[in-house]
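See below for the structure under consideration.
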Amino acid sequence: MPRQPIEPPAEADPTARTVASYELVAADYARETAGGGLSDGLARLVEAVPGGHVLEIGSGPGWDADALEEAGLRVRRTDVTQAFIDLQQERGQQVERLDVVSDDLGGPYDAVVALAVLQHVPRSALARVLGRMAASLAPGGALLLAVRTGEGERWEVGDSGNPYYVALWEEGELIDLLVAAGLRVEWQEVSSDSEDSDWVSLLARIT
């Protein structure tokens with residue numbers, strides 16, 4: 001069922017309210033997304049930085065990190081949602097709490113991965129966040145991201161009944177932000193998911 005736009009929750013901080021919603025659905029989300037393996041974007045990243053050290057923003061249940069590690073990369077798993085951290089720790093994974101908007105990202109890394117997470121970053125903050133990601137990369141490092149496409153920002157509610165802040169971006173807008181952060185786009189792809197949403201995936205490198 002497609003996500004439904006709603007009126008902004010009263011006095012809602014976009015990041016805090018969205019994280020609170022994910023805290024409630026983490027277990028269901030993990031079950032629904034298990035078993036994906038390497039996506040095309042992740043496979044390209046493995047080729048771009050073989051054996052490299054990767055920072056993953058928004059690891060969630062950790063399925064993508066599992067696939068990257070099986071392909072020979074070393075992954076620093078992070079998430080801002082405690083329920084996802086708990087899920088990964090319960091299955092023996094090391095994962096840290098990290099807020100991409102406000103926390104030190106560390107580095108340098110051979111790559112940074114942020115899939116299906118940056119759409120929850122306020123539009124006004126994304127340029128700064130991408131700049132911080134770029135600054136955390138080693139020379140020649142790569143950034144892989146996937147973001148919902150569209151215009152503007154809004155609040156949505158899914159089947160769970162929980163509200164989520166979503167910032168939508170046109171492909172050209174994202175490319176401009178990446179270039180401004182000192183990155184060169186090497187691969188891009190637009191795809192649709194089962195909820196009638198379009199996504200743009202981009203692989204970029206430090207110029």
Taking only residues two or more places apart in sequence, or in another chain, which ones meet Y29 in a ring pair (Phe, Tyr, Trp, His ring centres under 6.0 Å)?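 Applying ring pair (Phe, Tyr, Trp, His ring centres under 6.0 Å) to Y29 gives F84.
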Can you name the residues that form a side-chain hydrogen bond (donor to acceptor under 3.5 Å, both in side chains) with E96, not counting sequence neighbours?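 With neighbours one apart ignored, the set is R76.
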With sequence neighbours left out, what residues match D28 under side-chain hydrogen bond (donor to acceptor under 3.5 Å, both in side chains)?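 Partners of D28 under the side-chain hydrogen bond (donor to acceptor under 3.5 Å, both in side chains) test: R31.
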Nearest-0.5 Å distance that lies between atom [atom1] in [X] and atom [atom2] in [Y]:
X: L73; Y: L68; atom1: CG; atom2: CG; result: 5.5 Å
X: L178; Y: L203; atom1: CG; atom2: CG; result: 10.0 Å
X: M133; Y: I57; atom1: CE; atom2: CD1; result: 5.0 Å
X: I206; Y: R184; atom1: CD1; atom2: CZ; result: 10.0 Å
X: T81; Y: D99; atom1: OG1; atom2: CG; result: 10.0 Å
X: W199; Y: E171; atom1: CH2; atom2: CD; result: 14.5 Å

Pairs under 3.5 angstrom only: tabulate donor-acceptor contacts from the side chains of residues 117-131 to other protein residues two or more places apart or in another chain.
| from | atom 1 | to | atom 2 | distance (Å) |
| --- | --- | --- | --- | --- |
| Q119 | OE1 | V117 | N | 3.2 |
| Q119 | NE2 | A116 | O | 3.1 |
| H120 | ND1 | Y165 | O | 2.7 |
| H120 | NE2 | Y22 | OH | 2.8 |
| R123 | NH1 | L168 | O | 2.4 |
| R123 | NH2 | E173 | OE2 | 3.1 |
| R128 | NH1 | V101 | O | 3.1 |

Linking I/L/V/M/F/W/Y whenever any side-chain heavy atoms sit under 4.5 Å apart, do [X] and [Y] land together?
X: V190; Y: W187; value: no
X: V49; Y: Y109; value: no
X: L115; Y: V54; value: yes
X: V185; Y: V147; value: yes

Can you spot which of L98, V113, L137 makes a side chain to side chain contact (heavy atoms under 4.5 Å, CB included) with L55?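 Result for side chain to side chain contact (heavy atoms under 4.5 Å, CB included) with L55: L98.
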Would you mind listing every side-chain hydrogen bond (donor to acceptor under 3.5 Å, both in side chains) that reaches into residues 40-52, with sequence neighbours excluded?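 Only D40-R44 qualify under side-chain hydrogen bond (donor to acceptor under 3.5 Å, both in side chains).
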Would you check if the side chain of [X] reaches a backbone N or O of [Y] as a donor-acceptor pair within less than 3.5 Å?
X: D79; Y: G60; result: yes
X: S39; Y: L42; result: yes
X: T149; Y: V200; result: no

If I compare all heavy atoms of [X] with all of [Y], which pair ends up nearest, and what's the gap?
X: A181; Y: A134; answer: O-CB, 3.4 Å
X: A111; Y: L45; answer: CB-CD1, 3.7 Å
X: A167; Y: W169; answer: O-CD1, 3.7 Å
X: T33; Y: P61; answer: OG1-CG, 3.9 Å

Residues which pass side-chain contact (heavy atoms from CB on, under 4.5 Å) with [X], listed by chain and number, not counting sequence neighbours:
X: A71; value: L38, V46
X: D176; value: none
X: V179; value: I175
X: S160; value: V25, N162, Y164

Any luck finding a side-chain donor-acceptor pair between S136 and R132 under 3.5 Å?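 Side-chain D/A pair, S136 to R132: absent.
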Members sharing V19's hydrophobic cluster (side chains within less than 4.5 Å):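 Taking Ile, Leu, Val, Met, Phe, Trp and Tyr as members, V19 shares its hydrophobic cluster with V80.
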Transitive ILVMFWY cluster of V95 at side-chain heavy atoms under 4.5 Å: who else is in it?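 Besides V95, the cluster holds I85.
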What pairs of residues pass the salt bridge (charged side-chain N to carboxylate O under 4.0 Å, His left out) test when at least one of them lies in residues 52-72, not counting sequence neighbours?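 Listed by first then second residue: D66-R77, D66-R91, E69-R77.
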